[in-house]
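First the structure, in the form of structure tokens, and then the observations on it.
Labels below follow one simple rule: chain letters A, B, ... track the order of the sequence lines, proteins then strands, and each chain is numbered from 1.
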4 protein chains.
Amino acid sequence: MAWEIVIVASVTWIGIDMPLQVVYGVHHEPFFALMRWLTAAILVVDLALLATGRFHESRSERYHKGWLLFDILPALPVGWLWGGQSWLTLRIFKVVRMSRILRRWYYRNAHRGTILRLLFFVYFLALLAHFLACAWALIRPPQGPVRALTHYLHSLYWTITTLTTVGYGDVTPDPNSPTQMIFTMVVMVTGVGLFGYAIGNVAQLLANIDRAQADYRDHLDRISAFLNYHRVPSSLQRRVFDYYNFLWDNRRGYDEPTVLAELPPALRIQVALALKREFVEKVPLFRGASPELVQELALELKPMVFTPGDHIFRAGEIGHHLYIISRGLVEVTSADGHTIYSTLSDGAFFGEIALLFSHERTATIRALEYTDLYSLDDQTFEKILARYSDFGNSVRTEAQRRMEQMKRGEHAL
Amino acid sequence: MAWEIVIVASVTWIGIDMPLQVVYGVHHEPFFALMRWLTAAILVVDLALLATGRFHESRSERYHKGWLLFDILPALPVGWLWGGQSWLTLRIFKVVRMSRILRRWYYRNAHRGTILRLLFFVYFLALLAHFLACAWALIRPPQGPVRALTHYLHSLYWTITTLTTVGYGDVTPDPNSPTQMIFTMVVMVTGVGLFGYAIGNVAQLLANIDRAQADYRDHLDRISAFLNYHRVPSSLQRRVFDYYNFLWDNRRGYDEPTVLAELPPALRIQVALALKREFVEKVPLFRGASPELVQELALELKPMVFTPGDHIFRAGEIGHHLYIISRGLVEVTSADGHTIYSTLSDGAFFGEIALLFSHERTATIRALEYTDLYSLDDQTFEKILARYSDFGNSVRTEAQRRMEQMKRGEHAL
Amino acid sequence: MAWEIVIVASVTWIGIDMPLQVVYGVHHEPFFALMRWLTAAILVVDLALLATGRFHESRSERYHKGWLLFDILPALPVGWLWGGQSWLTLRIFKVVRMSRILRRWYYRNAHRGTILRLLFFVYFLALLAHFLACAWALIRPPQGPVRALTHYLHSLYWTITTLTTVGYGDVTPDPNSPTQMIFTMVVMVTGVGLFGYAIGNVAQLLANIDRAQADYRDHLDRISAFLNYHRVPSSLQRRVFDYYNFLWDNRRGYDEPTVLAELPPALRIQVALALKREFVEKVPLFRGASPELVQELALELKPMVFTPGDHIFRAGEIGHHLYIISRGLVEVTSADGHTIYSTLSDGAFFGEIALLFSHERTATIRALEYTDLYSLDDQTFEKILARYSDFGNSVRTEAQRRMEQMKRGEHAL
Amino acid sequence: MAWEIVIVASVTWIGIDMPLQVVYGVHHEPFFALMRWLTAAILVVDLALLATGRFHESRSERYHKGWLLFDILPALPVGWLWGGQSWLTLRIFKVVRMSRILRRWYYRNAHRGTILRLLFFVYFLALLAHFLACAWALIRPPQGPVRALTHYLHSLYWTITTLTTVGYGDVTPDPNSPTQMIFTMVVMVTGVGLFGYAIGNVAQLLANIDRAQADYRDHLDRISAFLNYHRVPSSLQRRVFDYYNFLWDNRRGYDEPTVLAELPPALRIQVALALKREFVEKVPLFRGASPELVQELALELKPMVFTPGDHIFRAGEIGHHLYIISRGLVEVTSADGHTIYSTLSDGAFFGEIALLFSHERTATIRALEYTDLYSLDDQTFEKILARYSDFGNSVRTEAQRRMEQMKRGEHAL
């Protein structure tokens with residue numbers, strides 16, 4: 001990886017340096033000379049590393065024979081040895097290797113695709129501006145005695161002015177030079193197109209960054225329009241949007257089930273465990289549970305949300321689920337709602353009595369706050385009871401305790 | 001909320017004032033001096049309010065310790081006391097608190113996301129232009145003796161000319177000043193990019209405002225293309241589009257069921273009631289109904305639309321639904337359509353005979369106008385009859401009356 | 001409708017004329033004077049028409065009382081009578097009525113939404129440019145003695161140059177005139193924004209025009225990429241795309257079922273009839289059929305497509321459908337494919353034997369060309385036989401004839 | 001096809017040449033004269049070819065009578081014979097035929113729609129610039145004695161400067177020439193609009209080219225955001241993205257089933273065979289299989305992917321599928337996982353014992369690498385066994401051998 005960065009940096013430098021040499025001749029400043037030697041050395045070392053096979057491209061990508069030429073040519077000691085320009089272009093063939101490296105980076109970081117494409121566009125636009133500025137510097141020699149750096153700066157200034165379509169007009173092609181006229185037209189048409197395309201892409205990439213959130217807000221906008229059209233009171237609207245905000249905070253536009261459904265079994269188990277790790281740690285019932293049981297539960301528990309006042313179930317209904325509270329507060333009451341047996345919060349479970357002993361709910365459960373629950377359906381519950389007797393015993397003990405309390409009329413489930 | 005607006009206004013003013021001071025020195029005009037004292041006072045008061053905890057950030061957002069520094073530093077009496085510039089920048093740290101306030105506003109108004117983002121972009125672009133204009137004013141001193149305001153105006157003019165890519169060229173960087181050249185290039189590249197991005201965003205936001213309608217019209221465009229391709233007569237096409245227009249007027253691209261399905265139970269009941277309040281009020285059958293019954297009906301009644309000439313059902317068919325008219329006019333006829341028993345309109349119900357006594361429809365019902373109905377399926381109907389005997393009795397009485405009328409051959413259902 | 005066009009044209013003319021009067025004073029050329037009298041007369045007549053209720057707004061839209069003021073004010077004989085400018089603006093209030101008319105036009109033509117929005121944007125941009133040009137003409141008086149028309153032309157030229165961001169710089173604001181500087185900035189920021197927004201909208205509208213086709217081609221692009229990736233031979237790919245092209249030609253991206261499913265019953269029958277009119281006319285079986293039968297068939301017949309070589313069914317399979325050929329050619333063969341009983345084309349039906357006498361197909365049917373069929377499932381077929389005995393008899397007669405032919409080993413089904 | 005290219009090239013040349021002649025008079029350079037004769041000859045030849053019917057338009061498109069005029073007029077020997085300009089425009093009617101040819105090309109290559117539209121836009125923009133340049137050359141005669149080519153170049157330069165909105169301002173319309181002013185405005189408004197529209201289209205087309213990949217990466221971006229929000233460890237995230245990368249490499253965003261489901265039966269079989277050709281060739285079981293069997297299997301085999309560590313099935317489960325390995329490595333173990341019977345790789349099959357003899361799986365199968373499988377459900381398997389006894393026998397023989405080996409406790413299934 002570190003070596004790959006060195007290669008990309010070297011090739012980028014060659015790309016910056018070469019057009020400058022074409023325009024202004026070989027630089028003899030120490031910095032440029034040093035960089036020339038350094039990049040040359042790097043190309044030779046890279047060839048050696050590739051030849052000895054010490055530096056494998058990657059497991060999946062084999063090194064093709066055809067690539068060898070593009071690694072040997074740039075490493076040849078022609079041109080840079082005696083300062084000539086003619087063979088300098090050989091080194092640019094290393095771009096083949098660079099493109100392989102960039103593709104690999106992009107591939108390895110597919111889930112960071114947006115930011116990588118953004119960086120690539122900035123990189124590409126900078127190089128494009130540099131090349132065009134050098135070309136312009138070549139066909140439009142300095143008017144009067146100016147330093148090379150000033151001349152380059154003026155050329156770059158013209159390029160940027162034209163590419164961004166600002167076009168002040170303080171630097172324009174000489175009408176008597178067809179070369180300059182035609183080059184200007186080419187820069188305007190292709191350059192402006194590329195620049196506009198890149199800007200458009202960057203805008204779209206930036207838009208993508210929070211697309212999940214934007215989609216969600218757009219959805220709320222529409223719901224809001226619908227509710228307003230039907231003159232739903234604004235206090236009720238506020239409660240509706242509070243609910244959506246709560247959902248967004250806890251889900252970020254994704255459901256656990258959606259994400260898990262796409263994964264193959266082995267990964268699904270591990271991602272499910274990772275997602276529910278915090279929850280599992282705070283449920284007393286799972287304290288002594290075996291890893292297999294926790295795995296199975298992580299896969300089978302389905303997330304649900306209730307808002308204040310929602311009935312999770314009512315006494316007398318047929319019960320098919322056991323619930324475990326992830327976060328929130330619920331109230332256990334009698335069927336008429338007058339006797340409050342108990343309140344339950346994070347980590348508590350309820351609904352087991354109907355699954356174990358009767359089929360009817362023996363109490364009514366109502367959410368007092370926004371409550372995140374996980375539910376377990378009765379078939380999975382029975383399968384788990386059959387396989388994990390310890391778990392079954394602790395659930396049964398608790399259920400029995402609660403039923404006796406209810407008989408005694410105490411304030412507990 | 002009022003205090004939050006004061007804070008945001010203060011920080012905005014600091015953001016406008018500070019770069020001006022950097023360029024033109026401290027202003028001693030009464031207005032600027034007053035504003036300087038005022039904003040300073042506001043920052044101190046805000047720190048006091050936060051310290052005494054009187055001003056809670058919000059229920060869900062706790063005040064982090066790390067934020068304290070960014071609230072103390074701007075309140076320190078350095079710089080503005082003796083008019084020096086060196087410590088002025090301290091005040092800009094208050095931007096941390098402002099960003100928290102803005103985020104909270106955005107969050108609380110998620111369903112007005114579009115308009116808020118639009119305002120934010122305008123705000124951001126105005127500040128950007130101001131900053132760039134001040135920077136340009138700094139590196140390009142006035143040519144000749146002009147007032148500071150005129151100089152600032154010219155700087156802003158250059159900034160706007162460049163950012164919008166109009167680029168008249170009446171003001172251009174001095175080719176002998178590399179600083180001006182480079183600054184111009186930076187403004188062109190980043191500035192133009194940001195401006196283009198903002199314009200693009202604004203365009204998309206404006207497009208979103210009536211996206212529901214645009215989607216709907218696009219759908220009609222396509223249907224129209226299909227019907228034209230198959231040479232469907234234009235009089236029939238007109239009737240098709242009349243239907244779609246009617247739907248749009250009454251639904252605004254949303255169905256009740258779609259909106260309700262997303263909500264949790266407690267909210268669903270209340271939104272359903274709010275949506276059907278007008279309808280419920282005009283149905284005589286619901287006059288004396290208990291709130292529980294109205295709630296249940298609000299949830300279970302499904303909206304339907306029929307166009308003139310549509311048969312809602314025909315005599316002899318097996319009936320599974322009771323219908324209540326929300327708006328419109330229907331005709332009750334015999335199976336052959338020759339005898340018209342009755343017409344029914346807003347608030348009337350029909351179809352109860354098949355549910356109560358027979359399974360076959362005893363009459364044919366045809367819509368005479370665009371008719372909005374709510375339907376109730378037979379299972380829910382029976383459940384409701386069992387629970388609400390008053391309601392059952394009034395339905396049964398009316399049904400009996402109608403059957404007798406039909407037997408007597410009178411004009412009524 | 002004709003009168004509505006007159007109103008819109010009048011208000012548009014007022015919108016063009018008024019800013020010109022503000023800049024250049026009242027014109028006394030005969031054309032302008034005539035137009036002034038004419039529009040004034042039209043406004044009075046319209047008020048009269050509205051007052052006498054002769055001109056109803058529309059059935060669904062009632063005339064609000066509040067609108068009256070905006071219809072009376074423009075009709076008042078102030079200003080235009082003695083040529084003064086002060087009260088001229090009263091007439092512009094008629095824009096309220098114009099906006100109602102435009103909204104109604106838009107509403108009535110919802111299925112032509114794209115083209116209407118396009119026209120609106122062109123109209124809006126033209127007016128915007130005119131207003132800005134007049135404002136610029138007002139704050140930048142002519143340099144030297146030029147005719148008013150030339151001055152207006154130069155002002156419009158500046159406006160267009162600026163709005164399109166071309167910005168030659170041959171006309172720029174006077175740096176000593178803050179008014180001109182500020183106005184230029186306002187034009188650049190808001191004008192450029194509006195222009196960019198309008199261009200963006202037009203681009204999107206144009207894109208929408210053939211979106212159905214674009215979506216379809218995009219789909220083919222992807223299929224093509226997939227097939228290429230898996231190295232499917234190009235001759236086979238060609239056949240795949242031939243099939244898609246055929247589908248496009250016959251369906252234009254829409255299925256009959258998709259369109260019909262959205263319509264209410266009465267419209268569905270009529271649209272179905274219109275869509276299948278040509279087909280129904282060429283099927284001999286339907287010649288003497290009653291309108292009710294044709295209606296029922298139009299609703300129940302489902303379209304299908306087979307490509308050359310496809311088996312529609314094979315001898316020995318259990319048959320559940322009757323098929324009628326809309327366009328194409330099929331071959332009737334024995335189970336082993338060696339004996340060709342017959343070929344059938346447009347308007348012929350087959351598959352009735354299995355539905356009438358046996359449950360097994362007695363022959364194999366293979367498409368020889370691209371073949372459009374309509375299929376009828378067995379349940380609907382039986383229902384229709386029961387109700388329409390004439391139809392049943394002709395089907396049965398034909399089936400008997402074919403079975404005998406097959407027994408005699410002749411070349412016919 | 002070759003002749004069609006000649007026609008398109010000729011008409012394009014006429015389109016380039018004609019406006020030049022209008023501006024600069026008839027060229028007498030040998031090249032232009034030759035081209036004039038050549039295109040004239042081509043038009044005559046094409047008319048002859050069309051008349052003799054030797055060159056059919058296409059099978060589906062008949063030659064309409066109305067088109068004849070547009071083919072005769074351009075072939076008339078007026079104008080070009082004596083070098084006059086008056087009748088030259090006749091030739092441009094050939095554009096009718098060209099548009100038919102272009103439409104046909106576009107239609108035939110619907111699956112390459114993106115690239116064709118791109119080419120069309122480039123072609124259209126080039127011609128537009130040429131026309132506008134010629135018009136500008138006509139209304140703005142050369143200042144001073146310059147060659148026609150230089151004058152044209154300057155006109156084109158102005159056109160491009162204006163269309164791209166760069167607008168240097170070194171060439172601007174003469175303020176005393178209303179024609180030039182108005183023409184400039186028209187170019188700016190319509191030209192800029194068209195250019196912007198074309199650039200926008202090109203950008204969208206380029207974006208479409210890798211839309212499948214972009215969609216996929218966007219999906220990963222969101223999954224990544226979700227996993228980060230829930231603090232899933234990055235090592236686990238890496239494994240998740242490895243899996244998605246593997247899927248992308250093997251599927252390119254498409255499933256076989258998705259593509260196949262859209263095709264009619266005959267094509268479906270052949271595409272399925274083409275997609276699975278490589279796989280079928282490497283499975284020993286299919287070596288001697290009849291083409292019919294291979295066809296049936298190609299349709300019925302469903303692709304699946306397992307990641308390292310995934311259990312394909314466990315001993316004791318009820319088995320409903322036979323699996324064939326396309327690529328990868330699996331391990332056959334006893335129920336407790338301690339005894340490894342065997343490993344299987346590309347081309348091997350497993351799971352047949354449960355389908356043939358018992359219903360319970362007799363061993364556990366676990367993937368050791370990323371493994372591509374094809375599965376066959378039990379009903380299809382039985383149908384195939386019944387019809388293809390050879391295939392059944394080889395499966396049965398292998399199953400028996402494996403069961404005996406397992407009994408003997410050897411290391412093999």
Interchain contact, [X] with chain A, by part (heavy-atom threshold 4.5 Å):
{"X": "Thr162(B)", "value": "both"}
{"X": "Leu273(B)", "value": "neither"}
{"X": "Glu262(B)", "value": "both"}

Heavy atoms from other residues, nucleotides or ligands near CD of Gln379(B) exceed 12 (cutoff 6.0 Å):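 Atom CD in Gln379(B) is not packed in, count stays at 12 or less.
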Just wondering, are more than 12 heavy atoms of other shown residues or ligands nearer than 6.0 Å to CD in Glu369(A)?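 Enclosed.
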Which region of Thr159(A), side chain (C-beta onward) or backbone (N, CA, C, O), has a non-hydrogen atom less than 4.5 Å from a non-hydrogen atom of chain B, or is it both or neither?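 Nothing of Thr159(A), per the 4.5 Å heavy-atom cut-off to chain B.
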Which atoms of Leu156(A) come close to chain B, meaning under 4.5 Å heavy atom to heavy atom: side chain ones, backbone ones, both, or neither? both
Let me confirm one number: the [atom1]-[atom2] distance from [X] to [Y], rounded to the nearest 0.5 Å.
{"X": "Met188(B)", "Y": "Tyr157(A)", "atom1": "CE", "atom2": "OH", "answer": "5.5 Å"}
{"X": "Ile160(A)", "Y": "Met181(B)", "atom1": "CD1", "atom2": "CE", "answer": "11.0 Å"}
{"X": "Asn176(B)", "Y": "His154(A)", "atom1": "CG", "atom2": "NE2", "answer": "6.5 Å"}
{"X": "Ile223(A)", "Y": "Leu263(B)", "atom1": "CD1", "atom2": "CG", "answer": "7.0 Å"}

Does some side-chain heavy atom of [Y] sit less than 4.5 Å from a side-chain heavy atom of [X]?
{"X": "Leu153(A)", "Y": "Pro178(B)", "value": "yes"}
{"X": "Leu227(A)", "Y": "Val271(B)", "value": "yes"}
{"X": "Leu236(A)", "Y": "Leu267(B)", "value": "yes"}

Closest non-hydrogen atoms of Arg277(B) and Pro233(A), given as atom of the first, atom of the second and distance, are NH1-CD, 4.1 Å
If you take all heavy atoms of Val171(B) and Tyr168(A), which pair is closest and at what distance? O-CE2, 4.0 Å
